[in-house]
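Since the structure comes first, as structure tokens, the remarks are kept for the end.
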Amino acid sequence: MGFADQRFNVNLSILFTELPLLERPAAAAAAGFTAVELWWPWVDSPTPEQSELDALRHAIEDAGVQLTGLNFYAGRLPGPDRGALSVPGEESERFRANIDVAAEFARSLGCTALNALYGNRVDGADPAEQDALALENLVLAARAADRIGAVLLIETLNQPESPRYPLVTAPAGIAVVDRVNEATGLGNARFLMDLYHLSMNGEDLPAVIERYAARTGHVQIADNPGRGAPGTGSLPLEDLLDQLRKAGYEGWVGLEYKPGDRTGAEAFDWLPREARAAR
């Protein structure tokens, strides 16, 4: 098995960022990839002009790549924010305004995975009230995802880099998945297993895979330390992905790492070109 047996996509919000957004899908295709994913590209606008949405859709279609994952509006990301849906006031309202926009954009490109970042704890806000607000918004997001035949992803981040984000263990993420599925009865909320974030939290990755592979809707990778390409750190990513496959995971593996000074196609030298196109 190994890397050659995985279905990889490229996260265009962290890779190929030396290029304008609309040029990145073609660059991914030129590097040999056939699938991409994105954080919400308009950090200041949950409801961009239709012309902006159309331009990005056409760029993806013209490049001949498949959009396989999209984040809902998450505030300033990259930046200080880690989501909007549990943040009272304007940010929560912006998330709600984005739900149908993001879902329709995903539907137009056949994308069937929508990631909803939970959001940071806020000074002066009761954590229980934030969690109640989060559940309300996640229920709305899950229903929107269901309408387009998509799953809703719940992601665990890491405490050192996201100290105010409350979901910093795999069990915490799974607990939110369970609450959303119980509230909607749809069963389309799934865990986003980011091996880099989990490793930063010191979790036992083989044990997490064994316990939660069947509940996982998407996997993302970067090496640790450094959040670089596979092989730049010490994580046995090839073995971990093999374990996931043996446990029944057949979904996408998102490449969500920092390229360092090896930008463009050079950022993928670790992966043979013949292993980049989805099979």
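We're numbering straight along the sequence, starting at 1.
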Return each pair, listed once, that meets side-chain hydrogen bond (donor to acceptor under 3.5 Å, both in side chains) where at least one residue sits in residues 175-186; pairs must be two or more places apart or across chains. Asp178-Arg215
Ile174 vs Arg190 side-chain heavy atoms within contact, under 4.5 Å: no
Please confirm whether the backbone N or O of Ala267 pairs with a side-chain atom of Tyr257, one donor and one acceptor, at under 3.5 Å? yes
Going by the side-chain hydrogen bond (donor to acceptor under 3.5 Å, both in side chains) test, which pairs reach into residues 203-212, not counting sequence neighbours? none
Is Arg96 salt-bridged to Glu93, going by a charged N under 4.0 Å from an acidic O? no
Verdict with reasoning, Glu155 to Leu117, per side-chain contact (heavy atoms from CB on, under 4.5 Å): CA-CA 6 Å; Glu155 182 174 7; Leu117 284 172; 3.4 Å; yes
Membership question, hydrophobic clusters at under 4.5 Å side-chain separation (ILVMFWY): are Leu186 and Leu138 in the same one? no
In short, Leu244 meets Ala213 closest at the heavy-atom pair CD2-CB, 4.1 Å
Side chain to side chain donor-acceptor pair (under 3.5 Å) partners of Trp252, counting only residues at least two apart: none
Taking all atoms of both residues into account, what is the closest heavy-atom pair of Pro166 and Gly119, and its distance? CD-O, 3.3 Å
Using every non-hydrogen atom in the two residues, find where Leu67 and Gly69 come nearest and quote the distance to one decimal. CD1-O, 3.5 Å
May I have all residue pairs that pass side-chain hydrogen bond (donor to acceptor under 3.5 Å, both in side chains) and include part of residues 23-33, sequence neighbours excluded? none
Flag the pair Glu256 and Arg227 as a salt bridge only when some basic side-chain nitrogen lies within less than 4.0 angstrom of an acidic carboxylate oxygen. yes
Quick one: ring-ring contact (aromatic ring centres under 6.0 Å, His included) pairs with a partner in residues 173-203, sequence neighbours left out? none
Apart from Val151 itself, its cluster of hydrophobic side chains linked below 4.5 Å comprises Leu153, Leu192
Cluster check Leu12, Val43: I/L/V/M/F/W/Y, side chain < 4.5 angstrom: no
Taking Arg147 first and then Asp100, would you say they form a salt bridge - that is, a charged N and a carboxylate O separated by under 4.0 Å? yes
Answer with yes or no whether the hydrophobic clustering places Met193 together with Phe8; edges join I, L, V, M, F, W, Y residues whose side-chain heavy atoms lie under 4.5 Å apart. yes
Ser199: partners by side chain to side chain donor-acceptor pair (under 3.5 Å), with sequence neighbours left out: Asn224
Which heavy atom of Ile60 sits nearest a heavy atom of Leu38, and at what distance? CD1-CD1, 4.3 Å
Taken in chain and number order and not counting sequence neighbours, the residues that satisfy salt bridge (Lys or Arg N to Asp or Glu O under 4.0 Å) with Glu266 are none
Please name the pair of heavy atoms, one in Ser234 and one in Asp223, separated by the smallest distance, quoted to 0.1 Å. N-OD1, 3.2 Å
Using side-chain contact (heavy atoms from CB on, under 4.5 Å), reason through Val101 and Trp42 one step at a time and then give a plain yes or no. CA-CA 12 Å; Val101 177; Trp42 298 277; over 6 Å; no
Do Leu53 and Leu21 belong together in a cluster built from hydrophobic side chains that touch within less than 4.5 Å? yes
I need the Arg94 CZ to Leu85 CG distance, nearest 0.5 Å. 14.0 Å
Going by the ring-ring contact (aromatic ring centres under 6.0 Å, His included) test, which pairs reach into residues 59-94, not counting sequence neighbours? Phe72-Phe95
Start with the C-alpha distance between Arg121 and Asp131, add both sets of side-chain angles, then the distance that settles salt bridge (Lys or Arg N to Asp or Glu O under 4.0 Å), and finish with yes or no. CA-CA 10 Å; Arg121 292 303 192 206; Asp131 290 339; 3.0 Å; yes
Run the salt-bridge test on Asp123 and Arg164 with the 4.0 Å N-O cut-off and return the result as yes or no. yes
Taking everything shown except Gln50 itself, do over 12 heavy atoms lie less than 6.0 Å from its CD? yes
Checking Arg57 now: which residues fulfil salt bridge (Lys or Arg N to Asp or Glu O under 4.0 Å) with it, not counting sequence neighbours? Asp54, Glu61
Partners of Phe16 by ring-ring contact (aromatic ring centres under 6.0 Å, His included), sequence neighbours excluded? Phe268
Please find the pair of heavy atoms, one from Val168 and one from Ala172, that lie closest to each other, and give the distance. N-CB, 4.5 Å
Besides Val122, the hydrophobic cluster formed by Ile, Leu, Val, Met, Phe, Trp and Tyr side chains linked at under 4.5 Å, directly or via other members, contains Val87
Stepwise side-chain contact (heavy atoms from CB on, under 4.5 Å) test for Leu195 and Val208: CA-CA 10 Å; Leu195 297 178; Val208 168; over 6 Å; no
Evaluate Leu167 against Val176 for side-chain contact (heavy atoms from CB on, under 4.5 Å), listing each step before the verdict. CA-CA 9 Å; Leu167 308 183; Val176 174; 3.8 Å; yes
Among Leu198, Leu237, Asp239, whose side-chain contact (heavy atoms from CB on, under 4.5 Å) with Leu205 holds? Leu198
What about Val253 and Leu114, same hydrophobic cluster or not, with Ile/Leu/Val/Met/Phe/Trp/Tyr joined at side-chain heavy-atom distances under 4.5 Å? yes
